[in-house]
Amino acid sequence: MLDRRSLLFAASLAPWVLARRSRAHTEDSARPRRSERSDRPDRALIVFELTGGNDGLNTLIPFEDDRYHRARPTLAIRKHRALALDATQGLHPALPGLRASFERGELAIARGLGSPSPDLSHFKSQDAWSAASVADVPPPTGWVGRLHDVAQRTGAWSPSALALLAVGRDTPPPAFAAEHLVAPACMDLTAFARAPVARPSALGIASTRVAELALADAAARDAADELARAARTRVFGAYPATALGEHARMAAQLRIAGLPTRVIWITAPSFDTHTRQEREHEILLGRLDASLAALRDDLARAGLLASTAIATVSEFGRRVSENGVGAEAGTDHGTASIAFLLGGGVRGGFVGAPSDLGDLDGDGNLRATLDFRDWLATLVAHLRVEPADVLGPGRVAFDVLGGRA
Amino acid sequence: MNRARAIEDPLAPFEPSPTEPWDAARAAHLARRAGFGTRPDEVRELVALGPRAAVDRLVDFADEDRELDAELAAKGGSLAELDNQNRIGERLGENTRAWWLYRMVRGRAPLQEKLCLFWHAHFACRESELLPPPLLLAQNRTFRRLAAARFGDVLAAVARDPAMLVFLDNRSNEKTRPNENWARELLELFTLGVGAYEQHDVVEVARVFTGWRLSPDGSAFAFAPEHHDDGDKRVLGERIAGRGGPEGEREGVELLARLARDPRTAERLAGKLARWFLADEPEPACVAALATELVARDFSVRETLRTLLCSRAFHAPDSRFALARTPVDLVVAAARTLEVQNAHLLGLERTTARMGMQLLRPPNVAGWKLGKHWIHPSAAAHRASFARELAALPHTTRSVDGRAALDLERLAAGLTEPRALARSLGERLFGVEPATDALDDFVSTLAPGASPHDVVRAALERWVGAADFALA
């Protein structure tokens with residue numbers, strides 16, 4: 001229990017603080033939640049953030065383009081190794097699961113995805129993606145945080161301390177930053193089992209920081225039981241025995257246990273392949289593919305594939321030309337790249353035109369054909385929130401939703 | 001430092017007065033920020049010295065701490081023999097982290113260790129298969145040696161540091177295949193900051209540092225003229241004349257010196273020092289004043305910090321408990337303030353890792369975030385667990401060097417009455433007395449007939465687990 005002063009402050013920041021008090025009397029919190037209007041499960045979005053900048057050209061390979069092979073004598077993947085999707089392009093050989101999804105018509109691939117004002121700094125680009133903004137000084141809130149705020153304000157989502165959750169990391173990602181929300185993040189689903197008992201401030205300090213700390217304490221207590229229930233949920237997918245595989249498994253457990261989590265965030269690090277890219281990228285993509293395939297299978301088995309969308313984001317792609325020779329070769333920071341959206345409610349196929357390898361910018365980088373903010377708008381739209389309300393006027397979702405869902 | 005400063009100058013020195021006395025609360029604030037926690041003997045010493053001399057005591061640390069070295073050597077094994085490369089199968093990363101945490105918990109120069117952490121977060125290199133702990137240990141010793149030096153000296157050392165040459169790939173940066181990794185972060189994160197340069201500057205800076213690589217055994221810096229691009233370069237609008245042979249190295253040396261003196265570097269460094277030592281979200285006027293001070297002090301971190309720690313802005317009452325602690329600060333502050341022995345046995349290393357701040361493993365080259373970033377539900381659960389573990393440490397002498405981890409007698413300080421015990425432990429941990437209602441609440445939760453030892457443990461868990469302890 002928060003003391004009175006902290007409670008009033010906390011309630012002004014997070015409506016669930018009060019909501020959970022009234023709900024506690026009437027609702028069995030162990031019951032899986034379904035949306036109030038129908039028997040259908042709530043929609044959810046699972047984001048895989050490929051940090052470091054994933055190399056789009058070696059993920060979706062333009063194997064018929066000589067300019068690609070000329071720019072990358074070492075790293076280029078030949079036609080016979082690529083997993084062909086059509087006559088001119090194919091996936092990296094480490095992505096068989098994604099090819100199967102493509103063939104099932106449940107995978108959309110955005111091409112030429114980037115920023116209208118690209119920046120080669122990881123941090124500047126990650127800030128732009130997190131804030132869904134190309135402003136010189138982006139707003140301090142993230143796109144998921146704003147999505148949460150809008151959905152709460154309009155009543156689209158019922159209040160919950162677990163509406164947003166990052167797994168496999170201890171601190172929430174910058175995209176979760178909201179005006180005051182303290183979104184949870186956890187290494188594993190039992191992380192909150194030892195949440196602190198509520199106590200008055202030791203020093204009686206009345207500051208925003210102390211109220212935020214009290215709110216974080218309360219959120220941890222509120223999340224503990226529901227997450228523990230998810231941790232006990234059985235799943236069957238063949239997850240790789242890697243950190244990413246574990247995190248994908250947690251995402252499946254959260255969905256199948258019926259938790260009210262709308263956005264699950266998973267970070268897949270190390271895509272910054274400046275050196276030794278051939279080996280490193282294959283490992284990275286292989287882990288990603290196996291994790292996605294297992295998660296997809298578990299969701300499909302539980303009848304949750306239609307309500308769930310799984311998306312990738314990455315701050316930029318990589319330079320067209322490789323930077324070295326032999327096993328040491330890598331690629332420096334680039335611009336436009338590709339991204340995946342997988343789900344039963346997704347209309348499979350390609351979105352946007354590939355960047356033109358014959359029309360590079362002054363730094364030898366690709367020009368974007370799609371705006372990354374519209375990709376984020378697509379993810380927002382999947383959650384049935386108006387993209388413009390979250391991302392500003394003019395932002396519209398790509399036409400890839402509403403497949404067979 | 002008796003320059004006249006305008007009254008609104010945030011860096012004007014704090015002068016004690018009858019309404020704003022130099023007291024334990026102010027000394028404790030100084031100890032928390034310029035070190036780790038509030039060990040009672042340290043706070044008493046700072047109170048006795050007065051504000052100016054107290055800051056001097058912290059800032060003018062001796063570069064070497066022979067007592068600490070002897071203490072570590074006496075421990076033997078993993079902490080004493082970090083440099084012995086022949087220890088097959090040992091967990092070098094864990095041991096190096098434990099060694100450093102031990103220095104923070106027990107060392108006589110807490111500000112030196114805090115600055116060492118500051119540089120580790122600024123020039124953040126991450127342990128990996130390619131970057132093993134011995135290289136990071138060597139880098140750590142460089143940070144310690146130059147902890148309060150001029151920024152240019154730190155930067156010059158880091159550019160030749162083997163760990164950095166590996167981490168940002170400059171060892172593979174050659175004229176036939178330049179690699180931009182080091183060049184970009186040098187401009188973006190280590191000196192000027194985003195917006196001060198263009199992509200072509202990054203390309204040109206990469207060319208300047210071609211040939212900066214490692215000696216054949218991988219343990220030292222070496223310049224290889226045959227891999228250096230000796231053509232002319234143009235960086236930030238100025239021409240750098242290309243030089244061949246061993247002279248080629250001078251291009252990089254001179255560029256580093258120029259970047260280290262740039263006013264934009266001063267502003268970024270000032271902002272960072274302010275966020276570490278003054279406030280999570282410092283007033284722009286404070287940062288600007290601190291940048292001016294850096295330039296005036298020839299970028300000496302020691303002199304700039306002396307000014308900051310003496311300042312009115314630093315000693316303003318609302319500056320207290322306004323900074324969110326990082327996990328390392330929180331854990332070390334608790335262990336140091338409670339004079340925990342055998343700090344490595346505590347598993348401090350594992351605790352900080354669980355909390356998301358593993359030394360030698362910053363999340364990326366930008367280092368750890370600060371401030372509000374560390375306030376979140378997971379942190380709350382970890383803080384509670386840590387407080388419980390700390391309070392449950394053994395007080396009997398079963399540990400390797402015959403000393404108890406937790407000296408309950410000493411912590412009780414001869415008191416037996418529960419409320420007095422709780423107040424005394426609160427004063428130790430916060431440097432100020434706990435609030436009446438918190439003391440009332442604490443006493444009401446005690447089991448009837450709790451022994452003084454039980455009360456000490458319960459109070460310790462309560463105060464270290466309190467939200468207030470997550471602030472400095």
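First the proteins, then the strands, lettered A, B, ... as listed; each starts at 1. These numbers come from the heavy atoms of this one structure, side chains and all, not from hydrogens, waters or symmetry mates. Computed from a prediction, not measured in an experiment: that's the story for all the values here.
For a residue to count as touching a neighbouring chain, one of its non-hydrogen atoms must lie under 4.5 Å from one of that chain's; by this rule B:Asp318 does not touch chain A. Neither the backbone nor the side chain of B:Leu439 has a heavy atom closer than 4.5 Å to any heavy atom of chain A. For B:Ile375, the parts lying near chain A are the backbone and the side chain together; criterion is any non-hydrogen pair under 4.5 Å. For chain A, no part of B:Glu174 is nearby; none of its heavy atoms comes within less than 4.5 Å.
Between A:Arg319 and B:Glu180 there is a salt bridge, since a side-chain N of the basic residue sits under 4.0 Å from a carboxylate O of the acidic one. The residues B:Asp280 and A:Arg209 are annotated as salt-bridged, a charged nitrogen and a carboxylate oxygen being separated by less than 4.0 angstrom.
Taking the side chain as every heavy atom from C-beta outward, A:Pro184 and B:His376 never approach each other to under 4.5 Å. Contact check for A:His274 versus B:Leu168: no side-chain heavy atoms found under the 4.5 Å cut-off.
Of the residues B:Arg184, B:Glu188, B:Glu185, the one that meets the side chain to side chain donor-acceptor pair (under 3.5 Å) test with A:Ser121 is B:Glu188.
Side chains of B:His382 and A:Asp170: a donor-acceptor N/O pair is present below 3.5 angstrom, by distance only.
No donor-acceptor distance shorter than 3.5 angstrom exists from the side chain of A:Asn323 to the backbone of B:Asn179, with no hydrogens or angles considered. Of the possible polar contacts, one joining the B:Asp468 side chain to the A:Leu203 backbone as a donor-acceptor pair under 3.5 Å is found.
Taking CE of B:Met355 as the reference point, atom OG1 of A:Thr171 lies at 13.5 Å (rounded to 0.5 Å).
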